[in-house]
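Residue numbering restarts at 1 for every chain, and letters A, B, ... go by the order of the sequence lines. Only a predicted model underlies this, so the values are computations on that prediction, with no experimental measurement involved. Just so you know, these numbers use all the heavy atoms, side chains as well, and skip hydrogens, waters and symmetry mates.
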2 protein chains.
Amino acid sequence: MYKPATIKDIAIALNLSPSTVSRALRDGYEISAGTKKIVTDYANSINYQSNPNALSLKNKRSFSIGIVVPELANSFFSQAIAGIESVAYESGYHTIITQTHDSSTRERTNANHLANRSVDGLLISMSSGTTDYTFLKTLHKNGLPIVFFDRIIDEIETFKVTSANFTGSYNATQSLIKSGRKRIAVLANAPQLSITNERLAGYKKALEDNKMPYNADLIRWCYKGGNDYQEVENAVISLLALTDQPDAIFITSDRISISCIRALKSLNADPNTMAVTGFSNSDVVDLLQPNFCYVRQKAFEMGQIAMQMLLKLIESKYPITEFETRVIDTEYHGMEKEN
Amino acid sequence: MYKPATIKDIAIALNLSPSTVSRALRDGYEISAGTKKIVTDYANSINYQSNPNALSLKNKRSFSIGIVVPELANSFFSQAIAGIESVAYESGYHTIITQTHDSSTRERTNANHLANRSVDGLLISMSSGTTDYTFLKTLHKNGLPIVFFDRIIDEIETFKVTSANFTGSYNATQSLIKSGRKRIAVLANAPQLSITNERLAGYKKALEDNKMPYNADLIRWCYKGGNDYQEVENAVISLLALTDQPDAIFITSDRISISCIRALKSLNADPNTMAVTGFSNSDVVDLLQPNFCYVRQKAFEMGQIAMQMLLKLIESKYPITEFETRVIDTEYHGMEKEN
DNA sequence: TTGAAAGCGCTAACAT
DNA sequence: ATGTTAGCGCTTTCAA
């Protein structure tokens, strides 16, 4: 049984009362310098660490924050988490990371567990399947600080940070059009997601501005967000089977982008007749396929901002009523690769 | 302030004592069916969740386990974590994931924090820089169940699980030799790591068995494990600059493999004169470069096994004295890609 | 300057 | 079958 030393142990060893030890360790003003030194020295010598559970129970404060993301094995999220951690670490907060695998049930369980585990706040990027937000609303109403990032929702009023999905998408589509593509198909992520709709809207607007028709036949939904390769391959096959074949594919998400490239390769599609452009934060995407252009989100930065927002919520003395939704621009990586 | 309902609240609302409520909720045998129903119904209606901090404090048991890995943005680890979670979830355990970015300090902080946070056990894969294991020894001596996976160490006696690094490496090198390669260079990970040495040993043995000389000139160390691209590129440049250029590169780690491919591409090395083979668990590695052969570790499976071992340690009635180090075979993906 | 005591939410003897 | 009480480790009045 793992049993670290307690304040009581120190008190007994030093013939002091627990309260004195507690105050000494936290540098309380009432304690004499001498006692403080004795206590801290001894505490260090036995490598004393306070029990966070007891502290949380007492203080309703844990100096840890919970992170809920769909998938760690997704570059965007692991980069965002790195950003979150960098800020959290500086401010003395620990991070507890959980993943949902895009399951609403797991999402609810994780969020509730974190809340009960008395994290001081929650950073969440929604799962693709979630349509019922009551569990979050309840937590939020009960006073748990929540910040949404990337996959945000309208239903809860708080700080949010997301990418300029519309613009990123618009520019990428523009670029395809400029390069002469006439029939641009889309592989879209689950339609419940904010990011999906924004990205699709950017695509539509680009078509419109170029007086090109929007053709629903060219849209394919990948409800599993690219986690199910077969779903993506089927979508690609059905696009290739169209009598009026598309000459480009625009993809609204990272995992789908990868799966699409794989599918095109395995179907022996000609990379010259089929241009591919999509959102991706994979760190190897530039190595994948000669002509793959992509939109990259500033994931690390988004993580940092999200954590800063959460800190603001947590550490604010009075309730915050003015909330901000930050939109971070994306980077477009076209074919002419510099650097 | 987030403040969930407590057992006391329920007790007051239902005019019962806290202990009755507690027992009813945990289906205690002493409680009448009627009371049980009343209590559970009410608890459900207000969405009562027990406070894990209080439980941990009381029971010295948290039903959560801590995970310490170098880097989440590394396919191997995110896959291993998925394996860990799958077992943990089935057994009612939560996982708390932390990453060290290969910093010993972060590693120590994380491990200590998790231990104090009263996780019931620890799953750890060592950071590349760590040479002082006293913090782990201390935790272990104090009774914290620890299981090592992948990057294991000899210094602590407990359950461990790792890959057949020697054999995987041996076979990959054999394969390079069979295909006619004569001068096989190596990009090696930090030499502190168990996996680095095992993989290097496999390489050496393959040379030996083929009566080929081991040439230290062909070995390059990447102490940053591929996180520092420049380090890898420099290594590649220096290999290409050799008067007697290597005709193959064997790489002992995932991140270095990726960086090496990128470096070769940016240096315009001819993929036909320079064969590349390395360890990688990236899910896009097969798309990267036509002739890249790779050794894949069974990461998910390793995670599952590690978690099972940890459960055994945690839930064993009496102290375990017989420890096992499981070695899991690797998959070699050569050039003839089926499927 | 220090100590005693109560309480955070929960459980488990020990009553009743 | 249910209630009372003490205690997990810590902080914080209140008292000395």
| task | Using five pairs at either end of the helix from C:dT1-D:dA16 to C:dT16-D:dA1, determine the angle between the two local helix axes and round it to 10 degrees. | result |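 Helix axis angle between the two ends: 50°.
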Under 3.5 Å, sequence neighbours excluded: what are the donor-acceptor pairs made by side chains of residues 147-158 of chain A?
{"residue": "A:Arg151", "atom": "NH1", "partner": "A:Asp102", "partner atom": "OD1", "Å": "3.1"}
{"residue": "A:Arg151", "atom": "NH1", "partner": "A:Met126", "partner atom": "O", "Å": "3.0"}
{"residue": "A:Thr158", "atom": "OG1", "partner": "A:Ile146", "partner atom": "O", "Å": "2.6"}

| Which residues satisfy the ring pair (Phe, Tyr, Trp, His ring centres under 6.0 Å) test with B:Tyr89, sequence neighbours excluded? |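 Result, ring pair (Phe, Tyr, Trp, His ring centres under 6.0 Å) vs B:Tyr89: none returned.
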Salt bridge (Lys or Arg N to Asp or Glu O under 4.0 Å) with [X]: which residues, sequence neighbours excluded?
{"X": "B:Lys58", "value": "none"}
{"X": "A:Lys160", "value": "none"}
{"X": "A:Lys37", "value": "A:Asp41"}

| message | Distance under 4.0 Å to a non-hydrogen atom of chain A counts as contact; along DNA chain C, which nucleotides mark the start and end? | response |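 Taking any atom under 4.0 Å from a heavy atom of chain A, the span is C:dT1 to C:dG9.
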| Backbone N or O of A:Lys8 within a donor-acceptor pair of the A:Thr6 side chain at under 3.5 Å? |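 Confirmed, A:Thr6 side chain pairs with A:Lys8 backbone.
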| Just by distance, do the side chain of A:Gln99 and the backbone of A:Leu72 share a donor-acceptor pair under 3.5 Å? |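 Yes, the answer is positive, given that a donor and an acceptor are paired below the 3.5 Å cut-off.
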| task | Return the 5'-most residue of the pair B:Asn51, B:Glu30 with respect to DNA chain C, ranking by each residue's nearest nucleotide. | result |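 Taking each residue's closest nucleotide, the earlier one in sequence belongs to B:Asn51.
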| field | Sugar-phosphate only, base, or nothing, as touched by B:Ser56 at under 4.0 Å among non-hydrogen atoms | value |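 The residue B:Ser56 makes no contact with any strand.
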| Proximity to DNA chain D (any heavy atom under 4.0 Å), residues of residues 18-29 of chain A only |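 A:Ser19, A:Ser22, A:Arg23, A:Arg26, in order of number.
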| said: Quick check for you: name the first and last nucleotides of DNA chain D, 5' to 3', having an atom under 4.0 Å from a heavy atom of chain A. | reply: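 The footprint of chain A covers D:dC8 to D:dT13.
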| request: Under the side chain to side chain contact (heavy atoms under 4.5 Å, CB included) rule, collect the residues that match up with A:Thr35, sequence neighbours excluded. | output: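 Residues passing side chain to side chain contact (heavy atoms under 4.5 Å, CB included) with A:Thr35: A:Leu16, A:Thr20, A:Ile31, A:Ser32, A:Val39.
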| request: Mind checking side chain to side chain contact (heavy atoms under 4.5 Å, CB included) for B:His113 and listing every partner two or more places apart, or none if nothing turns up? | output: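 Partners of B:His113 by the side chain to side chain contact (heavy atoms under 4.5 Å, CB included) criterion, ordered by chain and then number, come out as A:His94, B:Arg117.
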| query | Hey, mind stepping through A:Ser22 and A:Arg26 against side-chain hydrogen bond (donor to acceptor under 3.5 Å, both in side chains) and telling me if it holds? | reply | CA-CA 6 Å; A:Ser22 169; A:Arg26 280 169 315 109; 3.1 Å; yes
Nearest non-hydrogen partners of [X] and [Y], listed with the distance:
{"X": "A:Asp27", "Y": "A:Lys36", "result": "OD1-NZ, 3.1 Å"}
{"X": "B:Ala43", "Y": "B:Ile10", "result": "CB-CD1, 4.1 Å"}
{"X": "B:Ser127", "Y": "B:Leu193", "result": "O-CD2, 3.9 Å"}

| Members of residues 6-17 of chain B that approach DNA chain C, where some heavy atom sits under 4.0 Å away |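 By residue number: B:Thr6, B:Ile7, B:Lys8.
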| said: Here's a test for you: under side-chain contact (heavy atoms from CB on, under 4.5 Å), which of B:Leu114, B:Ile124, B:Ile67 qualifies with B:Thr98? | reply: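 One option only clears the test, and that one is B:Leu114.
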| field | Residue closer to the 5' end of DNA chain D, A:Tyr48 versus B:Ile31 (nearest nucleotide) | value |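 First, find each residue's nearest nucleotide; the 5'-ward one identifies B:Ile31.
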| said: Does atom NZ (A:Lys137) have a neighbourhood of more than 12 heavy atoms from anything else shown, all under 6.0 Å? | reply: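 Yes - once you tally the heavy atoms of other residues, nucleotides and ligands closer than 6.0 Å, there are more than 12.
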